[in-house]
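In what follows, a single structure is set out as structure tokens and then discussed.
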Amino acid sequence: MPSAPPHTKADDVKGVFKHHFGYTPPHLVKAPGRLELLGNHTDYNEGVVMSVAVDRYIQMAIAPRTDGKIELVSSAFPESEIFWMSEMKKNPAAPWADYVKGVLAQLRKRGVNFSGFNAAIWSNIPMGAGMSSSAALEVATALAVRKLFPFSLSETGATVPPKRDERGHLPPLEKAERMFFAKLCRAAENEFVGVPCGILDQVSSLFGKPWNVINIDCRFLTVDHAPLVGEAIIVFNSGVKHALVGGEYAELRQNCESAAKKLGAKSLRSVEMKLLKQHQAALTPREYECAHHVVSEIARVVAGERALRDEDHRQFGQYMFASHESSRDSLKNSTPGLDTLVELARKHPGCLGARLTGGGFGGSTINLVAYHQAEKFMEHMARSYEAQTGHKMKPIVCQVVEGAN
Ligand code: GLA
């Protein structure tokens with residue numbers, strides 16, 4: 001997806017639609033990107049993780065069709081992508097459309113009926129920054145279909161559709177149903193796109209709450225919120241593109257899963273550090289490192305939730321720094337660029353915590369900064385980063401927002 005300026009109006013997506021299809025789109029949907037605040041690679045280990053939905057969005061302008069065709073156009077790519085609903089196949093020339101197709105395939109699998117549509121896609125989520133433009137596109141697609149061809153989702157699939165009100169609006173998704181949407185979107189990414197990701201990104205895009213952190217329990221698939229008020233959230237993009245389709249992410253997941261298996265556990269969520277250490281010899285060195293990271297990271301998230309409840313943001317920030325060190329030294333998914341950004345951030349007194357966010361191997365760092373020192377902190381980062389690397393760097397200041405609905 002392209003990265004347009006952060007606060008460009010929603011009219012842009014309408015403009016893209018009108019330019020391509022020649023008429024004004026009747027409907028708009030949008031879904032936010034996310035930042036992982038604490039809990040690196042814990043989600044697919046059935047662990048706990050904390051995130052926020054942020055004010056960078058995928059927007060979709062949509063209109064129904066009756067001929068069973070779907071035509072997608074994106075402001076980032078010159079060619080549109082047209083396909084029949086009956087043949088949803090990957091097109092290597094338009095990999096961006098895979099996220100849409102994956103969701104449509106999952107909707108059909110669950111018995112949702114729809115007859116085709118036109119859609120324009122627009123985004124201001126920086127691509128490759130690790131802010132989950134792909135999950136936002138999946139969520140926006142599922143909501144687009146709901147808007148055009150109303151349906152409800154349950155554990156077993158599509159059920160009685162919701163009723164529109166007198167203005168034609170659908171009721172917002174209930175909490176339980178939102179989780180079914182998140183699962184469907186994750187399945188799209190796992191099965192169609194082929195990325196073995198966990199559920200963090202999809203849940204974050206759907207469960208955001210302004211000024212609040214989302215606490216996700218990935219074993220029980222439950223969510224609650226905790227206020228995080230008074231600090232700024234600032235992102236630095238290392239400029240190294242992160243793409244989860246690469247093999248590194250899958251390699252980490254495999255090591256975690258084989259470690260759990262060898263320890264006789266359903267997942268690393270069930271493993272205590274003491275047990276892990278006792279059985280170190282049963283694991284390969286790489287399995288041990290990955291497991292060590294995950295087991296310690298889950299403990300950090302639990303401690304972090306407590307620190308936030310106590311409004312001890314400095315303590316919370318310490319867990320963020322410790323998380324980065326564990327990702328860097330044990331999981332080994334950091335990069336020199338990300339390490340430099342965290343080390344420079346750490347030197348500024350206004351910085352409460354900093355760490356890599358998301359899959360790693362590139363992407364961004366997330367920084368929790370005392371609000372009144374944010375300007376000075378950004379100046380410090382720009383100056384010292386340029387002095388150290390010779391490169392300029394632009395901070396991305398994020399607001400915590402409502403999830404998609
Ligand atoms: C990516 C994946 C998530 C999660 C994070 C790492 O963002 O999509 O499911 O595993 O990496 O915590």
Side-chain angles (χ1 to χ4, degrees), residues 1-25 27-35 53-63 69-83 88-104 117-145 185 188-189 192-195 197 201-202 204-205 235 237-246 358-359 361-364 394 396 398 401 404:
M1 292 296 104
S3 64
H7 298 294
T8 325
K9 288 189 277 2
D11 290 356
D12 294 308
V13 72
K14 286 190 195 161
V16 178
F17 187 100
K18 200 164 176 194
H19 180 78
H20 186 83
F21 296 107
Y23 61 100
T24 305
H27 299 287
L28 293 180
V29 289
K30 65 174 186 176
R34 67 95 188 90
L35 292 168
V54 294
D55 59 340
R56 299 295 188 283
Y57 296 92
I58 293 277
Q59 298 186 10
M60 265 176 131
I62 44 172
K69 257 192 198 171
I70 289 149
E71 181 161 357
L72 308 174
V73 61
S74 159
S75 58
F77 303 97
E79 298 289 321
S80 68
E81 175 69 355
I82 308 175
F83 52 95
M88 235 114 59
K89 284 200 289 283
K90 282 187 169 185
N91 173 5
W96 55 273
D98 288 352
Y99 300 96
V100 176
K101 293 175 186 171
V103 169
L104 300 180
F117 58 90
N118 289 333
I121 302 165
W122 181 95
S123 164
N124 64 354
I125 305 176
M127 248 173 106
M131 291 173 75
S132 260
S133 53
S134 34
L137 180 53
E138 291 154 11
V139 169
T141 302
L143 292 176
V145 175
C185 292
E189 189 143 350
F192 194 90
V193 183
V195 176
C197 64
D201 308 345
Q202 294 78 10
S204 307
S205 184
V235 170
N237 189 347
S238 69
V240 178
K241 231 185 177 146
H242 113 124
L244 289 187
V245 192
F361 307 108
S364 304
K394 250 180 80 192
I396 307 171
C398 294
V401 299

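- Legend: residues meeting side chain to side chain contact (heavy atoms under 4.5 Å, CB included) with Ala135, ordered by chain and number and at least two apart, are Ser132, Glu138, Asp201, Gln202.
- Annotation for Ser123 and Ile58: closest pair CB-CD1, 3.5 Å, computed over non-hydrogen atoms.
- Residues satisfying the side chain to side chain contact (heavy atoms under 4.5 Å, CB included) test with His19, not counting sequence neighbours, are none.
- Each of Val29, Ile121, Val103 was evaluated against Thr141; a single residue qualifies, Val103, per the side-chain contact (heavy atoms from CB on, under 4.5 Å) test.
- The minimum heavy-atom distance between Leu72 and Ala97, with the atom names listed, is CD1-CB, 3.9 Å.
- For Ser364, the side chain to side chain contact (heavy atoms under 4.5 Å, CB included) criterion is met by Ala129, Val235, Asn237, Thr357, not counting sequence neighbours.
- The structure places CZ of Phe21 at 7.0 Å from OG of Ser80, a figure rounded to the nearest 0.5 Å.
- Considering only residues two or more places apart in sequence or on other chains, Thr24 meets the side chain to side chain contact (heavy atoms under 4.5 Å, CB included) condition with Lys18.
- For an aromatic pair to be called close, the ring centres must be under 6.0 Å apart, and Phe17 with Tyr23 satisfies this.
- Residues Lys14 and Leu28 form a side-chain contact, since some pair of their non-hydrogen atoms from C-beta on lies under 4.5 Å apart.
- Judged purely by atom type and a 3.5 angstrom limit, Lys30 has no side-chain atom pairing as donor or acceptor with the backbone of Ala404.
- For Asn124 against Tyr57, the heavy-atom pair with the smallest separation is OD1-N, 2.6 Å.
- Remark: Phe83 engages no residue in a ring pair (Phe, Tyr, Trp, His ring centres under 6.0 Å) (not counting sequence neighbours).
- For Ser205, there are no side chain to side chain donor-acceptor pair (under 3.5 Å) partners two or more places apart in sequence or in a different chain.
- To the nearest 0.5 Å, the span separating CG on Leu143 from CE on Met60 amounts to 10.0 Å.
- Applying side-chain contact (heavy atoms from CB on, under 4.5 Å) to Met88 and the options Val100, Leu104, Asp98 leaves one that passes, Leu104.
- With sequence neighbours left out, Phe117 forms a ring pair (Phe, Tyr, Trp, His ring centres under 6.0 Å) with no residue at all.
- The closest donor-acceptor contact from the side chain of Ser204 to the backbone of Ala53 lies at 3.5 Å or more, if one exists at all.
- Here the closest non-hydrogen pair linking Met131 and Leu35 is CG-CD2, 3.7 Å.
- The nearest pair of heavy atoms linking Pro32 to Ile125 is C-CD1, 4.4 Å.
- A side-chain donor-acceptor contact under 3.5 Å links Lys101 to the backbone of Lys89.
- Legend: salt bridge (Lys or Arg N to Asp or Glu O under 4.0 Å) pairs involving residues 69-78, not counting sequence neighbours, sorted by first then second residue: Arg65-Glu71.
- Looking only at side-chain heavy atoms (C-beta outward), Val193 and Ser134 stay at 4.5 Å or farther from each other.
- Here the side chains of Asp55 and Cys398 are in contact, with some heavy-atom distance below 4.5 Å.
- The nearest pair of heavy atoms linking Arg34 to Gly358 is NH2-CA, 3.9 Å.
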